[in-house]
Amino acid sequence: MSEPKPDQPGAEASNLLAERREKLDRLRTAGIDPFPHDFPDREEIASVLAEHQRLEAGTETDSVHRVAGRVVARRGHGKAAFIDLRGPSGQIQLHAKADVLGEDAFSLLDDLDLGDILGVEGRVVVTRRGQLSIEVSSWQILAKSLRPPPDKFHGLEDTETRYRRRELDLIANQESREIFRVRARTVSSIRRWLDDHDFFEVETPVLQPLYGGALARPFTTHHHTLDRELYLRIATELYLKRCVVGGIDRVYELGKDFRNEGISPKHNPEFTMLEWYEAYADYAKTASDLESLVSEVATDVLGRPRIERDGKEIDLAPPWRRVTLRDAILDCTGIDIEKETGRESLAAAMEVELEETVGWGKLVDTLFSKRVEPTLIEPTFVLDYPVELSPFAKAHREKEGVVERWEAFIGGVEIANSFTELNDPDEQRRRFEQQAGELDRGDEETQPYDETFIEALEQGMPPTGGVGLGIDRLVMMLTGTHSLREVVLFPAMRD
RNA sequence: GCCCCCGUAGCUCAGCUGGUUAGAGCUGCAGGCUUUUAACCUGUGAGUCGUCGGUUCGAAUCCGACCGGGGGCACCA
């Protein structure tokens, strides 16, 4: 942060900044370091509160504690003052009194501002109104705040500022702090579940010579020394399968994928994805694993396998509903995709214009996501997708033209995708060639041919089930939010 | 990329059928108050009304373009 320049608009726009700097100077003049190096032997505010529950109003204990946190409110009373101090674990009231602190230490409190980081020591007392407090016997400023905090009562409402300056949102809004706490607990609970089920965590390249594993446009970047284009990964799929070939039978990776596509309440250019692969399993096993994982993680994080969404309770406990893609579409729209097997006839049944680049599979996908997906509120597995949409899934063991694949939906949002993985290298080669055909028709979101991956399959990959779970979307479900930006700390924004 | 809505003090908001010097609460500053908790009381400071241009005697207010945000459509997970 640079020094404010008086000529610059904004620097002197408010004297609020100048006044805080004057206080900073006064502290220094008084020989006080406004940015000391530490504050040892501190206790969490929550543990101090927990230790002194249910004391009578007016109680004065001999129990001395040291706590630190941010000053969030102040109420002066002449020769006394109340200060609300907040840390990550909770908030506690400080009672500063001139007769306890001495005139000098008390009057220096005048140079405190809302937002300052403060460390105090004192005994626990309970006020006449029954408010547990620390009667301050000494205090120390731990960091001077040079900018005013958001409104102490209304918080920070402006959506743009909440996303661009998330630290202010976190300071001002309890709900926002809680969302990210749920997110952190969710991620750690998922890892625990996978580790407990003998999965092996790996890290594969983010910068890739060839992207793959999903149908999406990639970001490109350039490596100077190698002098070549690299792609930011759109999925971890192909590398993780190579791990399975290598004998890591249960493997997972939890990290960021990047897709160069539009931004919406359900899409951020970078997002957190979990993929796991289990050798000798198929898509029925991955489905039962996913419903167990989500249900157990929800119980771990929320205390129950249920969420609330738009005022409705949704039960996440297994078993989830299972419906084939064909039946789901038939139920919602009356269109039978087993009968409308041509591009023209399906487009006609859908009553839409048929565009050059749109294949039959894409039409099915459009039909499904427009008409069916929003209705899938209760947790649902949609099974058996057309082969056109699924270049890495194995053909169905009984049904013609479809692959063993499911997508899982909660609250009308897709949260996971899975298949019985294709492990026949020759069939995989044909799928890549078919995707190349799509590319020729002008579809930019297709799968490039990956010879290294084919060679890995030729080495021999056991039958395998794989899953991709969208972590951001799962957190949306667990927090009852409706935008990815509410669960991503620093979402993508324009300059 | 297209359509709709929004942008006033550090924060939360009034004002917007064009008309004196743009208001309030919180925050800030000065003062009072030793049990308050959205503390209170007195006084007081703070705004290129998103930006640029246009209409007009006069624009926060009407019109246009642009910037930023939100929602929807398209595309996607």
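Heavy atoms only: backbone and side chains are in, while hydrogens, waters and symmetry mates are out. Residue numbers start from 1 in every chain, and the chains themselves are labelled A, B, ... in the order their sequence lines are given, proteins ahead of strands. Because the structure is a prediction, the values reported are computed rather than measured.
- Between A/Trp276 and A/Trp193, the ring planes lie tilted relative to each other; the angle falls in the 30° to 60° range.
- Note that A/Arg166 lies outside the cation-pi zone of A/Phe490, set by a 6.0 Å cut-off to the ring centre and a 45° limit from the axis.
- Residues satisfying the side chain to side chain donor-acceptor pair (under 3.5 Å) test with A/Glu291, not counting sequence neighbours, are A/Arg322.
- Distances shorter than 4.0 Å separate none of the side-chain N or O atoms of A/Arg75 from OP1 or OP2 on B/U36.
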Expected rows: protein N/O vs nucleotides 3-7 of chain B N/O, under 3.5 Å:
none

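- In this model, the phosphate group of B/A74 is approached by a side-chain N or O of A/Lys370 to a distance below 4.0 Å at OP1 or OP2.
- Here A/Phe271 lies in heavy-atom contact (under 4.0 Å) with a base.
- A/Gly468 comes within 4.0 angstrom of nothing in the nucleic acid, heavy atoms only.
- The number of heavy atoms from other shown groups lying within 6.0 Å of CD (A/Glu203) does not exceed 12.
- A donor-acceptor contact closer than 3.5 angstrom is absent between the side chains of A/Ser137 and A/Glu121.
- Counting atom types as modelled, A/Arg128 pairs no side-chain N or O with a base atom of B/U35 as donor and acceptor under 3.5 Å.
- Contact between the side-chain N/O atoms of A/Arg217 and the OP1/OP2 oxygens of B/C75 is not found at any separation under 4.0 Å.
- We find the CZ-OG distance between A/Arg123 and A/Ser133 to be 11.5 Å, quoted to the nearest 0.5 Å.
- Within the 4.0 Å cut-off from OP1 or OP2 of B/G10, not a single side-chain nitrogen or oxygen of A/Arg147 is found.
- For B/C2, the paired nucleotide is B/G72, the pair qualifying as Watson-Crick or G-U wobble because both relevant distances are below 3.5 Å.
- The residue among A/Met493 and A/Pro265 whose nearest nucleotide of RNA chain B lies closer to the 5′ end is A/Met493.
- If you take CD of A/Gln93 and C1' of B/U35, they are 8 Å apart, rounded to a whole angstrom.
- B/C5 and B/A30 have their C1' atoms separated by 44 Å, with the value rounded to a whole Å.
- For B/U44 and B/A9, the C1' atoms lie 15 Å apart once the distance is rounded to whole Å.
- For B/G25, the paired nucleotide is B/C11, the pair qualifying as Watson-Crick or G-U wobble because both relevant distances are below 3.5 Å.
- Using a cutoff of 4.0 Å between basic side-chain nitrogens and carboxylate oxygens, A/Asp169 and A/Arg162 are scored as salt-bridged.
- When the side chain to side chain contact (heavy atoms under 4.5 Å, CB included) test is applied to A/Lys285, the partners found at least two apart in sequence or on another chain are A/Glu278, A/Ala281, A/Asp282, A/Ser288, A/Asp289.
- A/Asp365 has its CG atom 10 Å from the C1' atom of B/C75, to the nearest Å.
- Pair check for B/U42 finds B/A30; Watson-Crick or G-U wobble, both atom distances under 3.5 Å.
- Between A/Lys266 and B/C75, a side-chain N or O to OP1/OP2 separation shorter than 4.0 Å is absent.
- Rounding to whole angstrom units, CD of residue A/Glu22 and P of B/C29 are separated by 10 Å.
- Atom pair A/Asn15:CG and B/U44:C1' shows a separation of 11 Å (rounding to whole Å applied).
- For the pair A/Leu94 CG and B/U35 P, the computed distance is 17 Å after rounding to whole Å.
- Between the C1' atoms of B/A46 and B/C2, the separation comes to 42 Å (whole Å).
- When the side-chain nitrogen and oxygen atoms of A/Lys152 are compared with OP1 and OP2 of B/C11, none of them lie within a distance under 4.0 Å.
- As a whole-Å value, the separation of A/Asp158 CG from B/C11 C1' is 10 Å.
- Dashed line: the shortest gap from a side-chain N or O of A/Arg494 to OP1 or OP2 of B/G69 is under 4.0 Å.
- B/U48 is unpaired under the criterion used here, namely a Watson-Crick or G-U wobble arrangement in which both key atom distances are under 3.5 Å.
- Using N1 to N3 plus N6-O4 or O6-N4 for Watson-Crick, or N1-O2 and O6-N3 for G-U wobble, each under 3.5 Å, B/C62 pairs with B/G54.
- Using cut-offs of 30° and 60° on the angle between ring planes, the pair A/Phe82 and A/His95 is parallel.
- Nucleotide B/U35 forms no Watson-Crick or G-U wobble pair with any nucleotide shown, as no partner meets the under 3.5 Å limit on both distances.
- The CD atom of A/Gln208 lies 8.5 Å from the CG atom of A/Leu232; values are rounded to the nearest 0.5 Å.
- Taking atom CG of residue A/Leu16 and atom P of nucleotide B/A46, one finds them 12 Å apart after rounding to whole Å.
- With a 3.5 Å ceiling on both atom-pair distances, B/U20 lacks any Watson-Crick or G-U wobble partner.
- As judged by a 4.0 angstrom heavy-atom cut-off over every strand, A/Arg20 is placed among residues making no nucleic acid contact.
- One atom, CG of A/Asn173, and another, C1' of B/U12, lie 12 Å apart when rounded to the nearest Å.
- In terms of polar N and O atoms assigned as donor or acceptor, the side chain of A/Gln131 never comes within less than 3.5 Å of the base of B/U35 in a complementary pairing.
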